[in-house]
Amino acid sequence: MDRLQRFGLDVPNACIFCAALEETLTHLLFDYPITNSLWSRMLNWAGEHTPIGSWQEEVAHAVKWAKQSSGNGGILSSLFAMVVTVIWREMNLMRFQGGQF
Ligand SMILES: [Zn+2]
C-alpha cells in the first residue's frame with residue numbers, strides 16, 4: 001500500500017494483518033509477529049541463526065544464498081521465495097477475497 005500511495009493512488013495504508021501499522025514490505029513480511037515467526041522458524045529449521053532484518057537486508061541474504069555453490073544456500077533461497085509467496089498470497093486473499101490469516 002505504501003508503494004501504491006507513492007504512485008499517487010488514494011488507498012488506505014494500514015496493514016492488512018494487524019491494521020495498526022503502515023503496510024510496508026518489511027512490516028508485512030518480517031515485522032508482523034506471525035510472519036516474523038514463520039520466517040524465523042524456517043531459518044532455524046535450515047540452520048541459519050542470523051537476526052531478521054529489513055526487506056532489503058533479507059533480499060540481500062537470499063541473493064547471497066542463491067549464489068552459494070555448497071551448503072544450505074539453495075534451500076535457504078528457496079525457503080525465502082516460498083515464504084514471501086505464501087505471505088503475499090494470504091495478503092491478497094484477505095484484501096481482495098475476504099480470506100483470513
Ligand atoms: Zn501489521
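This chain uses plain numbering: 1 for the first residue, then up along the sequence. These numbers come from a predicted model, not from an experiment.
For the pair Leu38 and Ile34, the minimum side-chain heavy-atom distance is 4.5 Å or more. Residues Glu48 and His61 fail the side-chain proximity criterion, which asks for heavy atoms closer than 4.5 Å. Contact of the Ser77 side chain with the Gln68 side chain is not registered, since no non-hydrogen atoms from C-beta on lie closer than 4.5 Å. With contacts defined as side-chain heavy-atom distances shorter than 4.5 Å, the pair Phe17/Ile87 qualifies. A heavy-atom distance below 4.5 Å is found between the side chains of Trp45 and Leu79.
For the atom pair Asn36 CG and Ile52 CD1, the distance stands at 4.0 Å (nearest 0.5 Å).
Across all their heavy atoms, Glu23 and Ala14 have their closest contact at OE1-O, 3.6 Å. Taking both residues in full, the closest heavy atoms of Met42 and Met82 are given as SD-CE, 4.0 Å, listed atom of the first, atom of the second, then distance. In plain terms, the two heavy atoms of Ala81 and Thr85 that are nearest each other are O-OG1, 2.7 Å.
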Walk me through whether Trp55 and Leu29 qualify under side chain to side chain contact (heavy atoms under 4.5 Å, CB included). CA-CA 8 Å; Trp55 166 251; Leu29 299 169; 3.2 Å; yes
Is there a side chain to side chain contact (heavy atoms under 4.5 Å, CB included) between Leu28 and Ile16 once you walk through the steps? CA-CA 8 Å; Leu28 278 175; Ile16 191 70; 4.2 Å; yes
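Using modelled atom types, no side-chain atom of Ser37 and backbone atom of Pro33 make a donor-acceptor pair closer than 3.5 Å. A donor-acceptor pair under 3.5 Å is formed between the side chain of Glu58 and the backbone N or O of Gly53.
Using bins of under 30°, 30° to 60° and over 60° for the plane-to-plane angle, the ring pair Phe30/Phe80 lands in the parallel bin.
In this structure, Leu21 is not a member of the same hydrophobic cluster as Leu25, with clusters built from ILVMFWY side-chain heavy atoms closer than 4.5 Å.
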